[in-house]
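To keep things clear, I will list the structure first and then write my remarks on it.
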Amino acid sequence: MQTSALCIWETAGRAIAMDHATSQHDNGYGSGRVMRPSVMIFRVGTRQYGLPAGLVVRECMPVPELMPVAVALPHVSGWFRLGAAIVVVIDLGVLLGVRAQAVRQPVDLLYCPLLLCNLPGGGSVALLVDAVCEVAQPAPPVSAMPDGDAAQAGEAGRELELADGGIAFMLRMTDIINDDERMRLDNLMERTRARAALWAGLDAPDPPMAAGDEGERHS
C-alpha cells in the first residue's frame with residue numbers, strides 16, 4: 001500500500017511538472033492553440049473531484065510532521081514549513097461534509113496525500129484528501145476559453161468523465177476558500193507565525209556575556 005501510494009505521488013508530481021512546463025512554453029504565443037491543463041483527480045469520501053494541475057495544484061506530497069495552529073478549527077489539521085513559508089493544511093473532507101473533524105493523528109495521516117495548491121492572489125495552502133487517483137487530460141469543450149480561464153471558470157462545477165467510466169466533479173479554489181475565508185486564513189497564519197516565533201525563542205542560544213559580567217557573577 002505504501003509503495004503504491006508513493007508511485008502515485010511520484011507520477012502525479014511528474015505530470016504536474018510537465019503540465020506546468022508545457023503551459024509556460026506555449027502560453028498562447030506561437031502556435032495559437034489553447035492549452036488545456038491536466039486535471040488532478042482525487043477522492044474525498046466516496047466521490048472523486050478534480051482541480052487543474054500546474055495552475056492550481058503545484059505538488060502532490062505525503063503529509064509531513066504537522067504543528068497545531070494558533071486557534072483550533074474543525075477543518076484545519078495543522079501547519080508545516082515550506083522553506084520560509086508557513087503552509088496551513090485544510091482537511092477537504094470537513095469542507096465537503098464527509099467528516100466533522102479534521103484528521104490530525106499521525107497514524108491516520110500516514111497514507112493521506114496533500115495537494116499543495118496556489119491561492120488566488122498569491123500564497124499557498126495544502127488540501128488533505130483521502131486519495132490521489134490520477135492526472136487526467138479533459139476533453140475540450142465546445143467553446144474554449146483563452147488561457148487558464150476555462151480551468152477556473154468554465155470547467156468548475158461540471159462533471160468530468162474519466163477514462164475508466166467514472167465521474168469527477170470539478171472544483172476551483174474560490175469554491176474551497178472564498179474571499180472572506182481567505183482573509184481569515186491569512187489572519188490565522190499570521191497568528192500562527194507569531195506563536196511559532198515566540199516559542200522559537202526558547203531554542204535560541206543564550207547571548208554571550210561580557211567579560212565584566214562574568215567576573216561580577218563569580219565575585
Flag the pair E190 and R193 as a salt bridge only when some basic side-chain nitrogen lies within less than 4.0 angstrom of an acidic carboxylate oxygen.
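Between R193 and E190 there is a salt bridge, with a charged N closer than 4.0 Å to a carboxylate O.
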Could D130 and R99 be called an ion pair, given the rule that one side-chain N must be under 4.0 Å from one carboxylate O?
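Here D130 pairs with R99 in a salt bridge, since their nearest N and O are under 4.0 Å apart.
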How long is the gap from [atom1] on [X] to [atom2] on [Y], to the nearest 0.5 Å?
{"X": "D164", "Y": "Q48", "atom1": "CG", "atom2": "CD", "result": "6.5 Å"}
{"X": "L73", "Y": "Q101", "atom1": "CG", "atom2": "CD", "result": "10.0 Å"}
{"X": "L115", "Y": "C60", "atom1": "CG", "atom2": "SG", "result": "5.5 Å"}
{"X": "M183", "Y": "N178", "atom1": "CE", "atom2": "CG", "result": "11.0 Å"}
{"X": "M189", "Y": "S124", "atom1": "CE", "atom2": "OG", "result": "8.0 Å"}
{"X": "R158", "Y": "M170", "atom1": "CZ", "atom2": "CE", "result": "6.5 Å"}

Is [Y] close to [X] at the side-chain level, that is, under 4.5 Å between some pair of heavy atoms?
{"X": "I176", "Y": "L51", "value": "yes"}
{"X": "D91", "Y": "L127", "value": "no"}
{"X": "C117", "Y": "M173", "value": "yes"}
{"X": "V89", "Y": "V63", "value": "no"}
{"X": "V129", "Y": "Y49", "value": "no"}
{"X": "R58", "Y": "N118", "value": "yes"}
{"X": "P62", "Y": "L114", "value": "no"}
{"X": "L128", "Y": "I90", "value": "no"}

Mark yes or no for whether [X], through its side chain, and [Y], through its backbone, hold a donor-acceptor pair below 3.5 Å.
{"X": "R104", "Y": "V76", "answer": "yes"}
{"X": "R195", "Y": "A197", "answer": "no"}
{"X": "W79", "Y": "P68", "answer": "yes"}
{"X": "T192", "Y": "A70", "answer": "yes"}
{"X": "R182", "Y": "P120", "answer": "yes"}

Membership question, hydrophobic clusters at under 4.5 Å side-chain separation (ILVMFWY): are [Y] and [X] in the same one?
{"X": "V94", "Y": "L109", "value": "no"}
{"X": "F42", "Y": "V98", "value": "yes"}
{"X": "I177", "Y": "V69", "value": "yes"}

Would you check, one step at a time, whether the test side chain to side chain contact (heavy atoms under 4.5 Å, CB included) holds for L185 with L119?
CA-CA 11 Å; L185 177 63; L119 285 169; 4.0 Å; yes
Heavy-atom neighbours of D179 CG exceed 12 at 6.0 Å
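Not buried by this count: 12 neighbours or fewer within 6.0 Å.
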Which atoms form the tightest heavy-atom contact between [X] and [Y], and what is the distance?
{"X": "L171", "Y": "P52", "result": "O-CD, 4.2 Å"}
{"X": "F169", "Y": "R47", "result": "CB-NH2, 4.0 Å"}
{"X": "A102", "Y": "H75", "result": "CB-C, 3.8 Å"}
{"X": "E65", "Y": "F80", "result": "O-CB, 3.8 Å"}
{"X": "M40", "Y": "V135", "result": "CE-CG2, 4.0 Å"}
{"X": "L116", "Y": "M61", "result": "CB-SD, 4.5 Å"}

Using the side chain to side chain contact (heavy atoms under 4.5 Å, CB included) rule, take V71 and R191 through it: C-alpha gap first, then chi angles, then the decisive distance, then the call.
CA-CA 8 Å; V71 180; R191 295 177 66 176; 3.6 Å; yes
Could you walk me through whether V39 and Q137 pass the side chain to side chain contact (heavy atoms under 4.5 Å, CB included) check?
CA-CA 6 Å; V39 176; Q137 185 67 42; over 6 Å; no
